[in-house]
Amino acid sequence: MRNFTALLYYLFALLGCDIGATTIVHRASADGIDIIDSEVRVTDRIAKFECLASRSGQCHYTLFHDDCAAADKTAPAKNANADACVNRPFERFAMVAGTDKEVIGLEPGFKLCVSAEDQAMNADCKSTARQ
């Protein structure tokens, strides 16, 4: 069923129909050299991740449920459920610079962190090694 839905979106795109999407761009450079350059286009339940450039040669993605990001800012420090949510991504993956990947079936409302380095992150996109 997910593949059928994706096929419909592609057909609509070919016909010039815009279904609506959100584009998330992460770009950082130092001294004219890209540290990370990533673009993610999210439509209804489909996300296309593009790793355009990375200092390390790979883009490392970490995905959290959106309510985890909210829990990080509003929950008391002693709330064990909030701490577990903040530090538990629902998906992590890496891509070689210059490649793209489509993920079908993503639930709407997720928090995205991307880095040039392979490191564990929390929902605020900060390394958990610093904590």
Side-chain angles (χ1 to χ4, degrees):
M1 183 64 179
R2 293 187 317 187
N3 291 336
F4 178 71
T5 304
L7 177 64
L8 286 177
Y9 281 114
Y10 290 123
L11 290 175
F12 287 142
L14 287 174
L15 296 173
C17 300
D18 185 13
I19 299 168
T22 300
T23 301
I24 305 165
V25 176
H26 287 90
R27 186 173 294 137
S29 62
D31 298 324
I33 299 171
D34 285 328
I35 296 172
I36 192 81
D37 189 359
S38 167
E39 190 171 301
V40 180
R41 182 171 167 86
V42 182
T43 59
D44 185 37
R45 303 182 65 81
I46 300 174
K48 181 177 182 181
F49 295 83
E50 292 184 81
C51 178
L52 303 171
S54 172
R55 173 178 56 198
S56 68
Q58 290 188 325
C59 297
H60 298 270
Y61 294 91
T62 306
L63 306 178
F64 296 90
H65 294 286
D66 196 37
D67 54 353
C68 287
D72 187 37
K73 294 182 174 101
T74 61
K78 295 180 182 178
N79 187 340
N81 290 337
D83 288 342
C85 182
V86 167
N87 294 314
R88 190 174 306 145
F90 70 87
E91 188 161 353
R92 288 186 73 202
F93 59 92
M95 295 172 46
V96 175
T99 63
D100 61 61
K101 172 182 178 173
E102 286 192 349
V103 178
I104 300 170
L106 271 179
E107 292 293 325
F110 63 89
K111 168 85 171 152
L112 164 71
C113 299
V114 62
S115 172
E117 306 304 322
D118 184 12
Q119 57 188 345
M121 295 184 157
N122 64 21
D124 273 343
C125 297
K126 294 180 181 164
S127 173
T128 57
R130 295 182 206 163
Q131 297 175 350

Problem - Derivation of the salt bridge (charged side-chain N to carboxylate O under 4.0 Å, His left out) call for E50 and R41 - result: CA-CA 8 Å; E50 292 184 81; R41 182 171 167 86; over 6 Å; no

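- When the side chains of ILVMFWY residues are joined at heavy-atom separations under 4.5 Å, either directly or via intervening members, L106 and F64 end up in two distinct hydrophobic clusters.
- Shown here for S54 and A97, the closest heavy-atom pair between the two residues is N-CB, 4.0 Å.
- Nearest heavy atom pair, residue Y61 against residue S38, reads OH-OG, 2.7 Å.
- In this structure a side-chain-to-backbone donor-acceptor pair under 3.5 Å is missing from D124 to K126.
- With rounding to the nearest 0.5 Å, the separation of CD1 in I35 from NE2 in H26 is 13.5 Å.
- Looking only at side-chain heavy atoms (C-beta outward), K48 and D100 come within less than 4.5 Å of each other.
- In this structure, CZ in F93 is found 4.5 Å from NZ in K101, a value given to the nearest 0.5 Å.
- Each of L63 and I46 belongs to its own hydrophobic cluster when Ile, Leu, Val, Met, Phe, Trp and Tyr are linked at side-chain heavy-atom distances under 4.5 angstrom.
- Once rounded to the nearest 0.5 Å, the distance linking CD of E117 with NE2 of H60 reads 6.5 Å.
- Atom CG of L112 and atom OG1 of T22 lie 12.0 Å apart (nearest 0.5 Å).
- For the pair E39/V114, no side-chain contact is recorded, criterion being any heavy-atom separation below 4.5 Å from C-beta on.
- In terms of the side-chain contact (heavy atoms from CB on, under 4.5 Å) criterion, D31 has no residue partners (sequence neighbours excluded).
- For residues 92-127, the disulfide (SG to SG under 2.5 Å) pairs, not counting sequence neighbours, are C113-C125.
- Considering CG of D34 and CG of L52, their distance stands at 9.0 Å, rounded to 0.5 Å.
- In this structure, CZ in R88 is found 14.5 Å from OG1 in T62, a value given to the nearest 0.5 Å.
- Using the six-membered ring where Trp is involved, F90 and F110 have ring planes that are perpendicular, over 60° apart on the 30 and 60° scheme.
- Of the possible donor and acceptor atoms, one in the side chain of S56 sits under 3.5 Å from a partner among the backbone N and O of A116.
- Residues C59 and F49 fail the side-chain proximity criterion, which asks for heavy atoms closer than 4.5 Å.
- No continuous path of ILVMFWY side-chain contacts below 4.5 Å connects M121 to M95, so the two sit in separate hydrophobic clusters.
- Residues V103 and I24 are members of one and the same hydrophobic cluster, defined by side-chain heavy-atom contacts under 4.5 angstrom among Ile, Leu, Val, Met, Phe, Trp and Tyr.
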